[in-house]
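As structure tokens, the structure follows; a few thoughts come after it.
Only heavy atoms go into these numbers, but all of them, side chains included; no hydrogens, no water, no symmetry mates.
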Amino acid sequence: MTKGRFLSFVHDHYFEPVPAGTRMRDVVEFQAPMGIIGRVVEALVLKRYMHRLIASRSEAIRVRAESGC
């Protein structure tokens with residue numbers, strides 16, 4: 001990330017073949033700005049929020065991929 005609200009943000013996708021098709025794994029690493037305050041916000045809010053966001057997007061990708069479109 002070169003610009004935005006996070007001090008750093010990296011989001012990678014990894015794909016691997018499995019007997020039922022393909023497994024996609026998301027790896028997200030981020031760091032909030034504002035030093036200790038940012039770390040507290042990460043622990044109390046951001047980690048849970050980002051987990052739900054990535055899970056929701058992964059489900060949408062799965063549904064789309066399995067629809068054949």
Side-chain angles (χ1 to χ4, degrees):
M1 185 174 108
T2 59
K3 216 174 175 184
R5 295 184 179 190
F6 289 96
L7 187 60
S8 67
F9 189 93
V10 177
H11 181 186
D12 291 311
H13 296 97
Y14 297 93
F15 298 89
E16 65 179 293
V18 294
T22 302
R23 175 180 298 141
M24 181 184 80
R25 183 171 55 100
D26 283 287
V27 176
V28 178
E29 297 177 8
F30 61 89
Q31 186 177 7
M34 298 175 40
I36 188 71
I37 294 170
R39 288 193 295 277
V40 170
V41 171
E42 280 180 35
L44 296 177
V45 179
L46 285 176
K47 285 183 181 180
R48 187 175 24 223
Y49 171 78
M50 293 301 292
H51 184 270
R52 286 191 310 252
L53 176 66
I54 297 301
S56 172
R57 289 184 176 204
S58 293
E59 177 63 12
I61 290 169
R62 183 193 65 77
V63 167
R64 177 72 179 205
E66 291 178 355
S67 74
C69 294

- Query: Is it true that a side-chain atom of Ser58 and a backbone atom of Ile54 form a donor plus acceptor pair closer than 3.5 Å?
  - Reply: yes
- Query: How many angstroms lie between atom NE2 of His51 and atom CG of Leu46, to the nearest 0.5 angstrom?
  - Reply: 14.5 Å
- Task: Could you tell me which non-hydrogen atom of Gly38 sits nearest to which non-hydrogen atom of Ala32, and how far apart they are?
- Result: O-CB, 3.6 Å
- Item | Any side-chain heavy-atom pair of Met50 and Phe30 under 4.5 Å | yes
- Message: Looking at every heavy atom in both Pro33 and Phe6, which two are closest together, and how far apart are they?
- Response: CD-CA, 4.1 Å
- Message: Is the ring pair His13/His11 parallel, tilted or perpendicular, if the boundaries are 30 and 60 degrees?
- Response: tilted
- Test: Glu42 and Lys47 ion pair at under 4.0 Å: no
- Please walk me through it: do Val27 and Tyr14 pass side-chain contact (heavy atoms from CB on, under 4.5 Å)? CA-CA 8 Å; Val27 176; Tyr14 297 93; 3.6 Å; yes
- So CG of Asp12 and CD of Glu29: to nearest 0.5 Å the spacing works out to 8.0 Å
- Does Glu59 come within less than 4.0 Å of Arg62, counting only side-chain N to carboxylate O? yes
- Query: For Glu16, does the CD atom have more than 12 heavy-atom neighbours from other residues, nucleotides or ligands under 6.0 Å away?
  - Reply: yes
- Task: Flag yes if more than 12 heavy atoms outside Leu44 fall under 6.0 Å of its CG atom; otherwise flag no.
- Result: yes
- Out of curiosity, does Ile61 fall in the hydrophobic cluster containing Leu53 (side-chain heavy atoms, cut-off under 4.5 Å, transitive links)? no
- Do Val28 and Met24 sit in the same hydrophobic cluster, where Ile, Leu, Val, Met, Phe, Trp and Tyr count as joined when their side-chain heavy atoms come under 4.5 Å apart? no
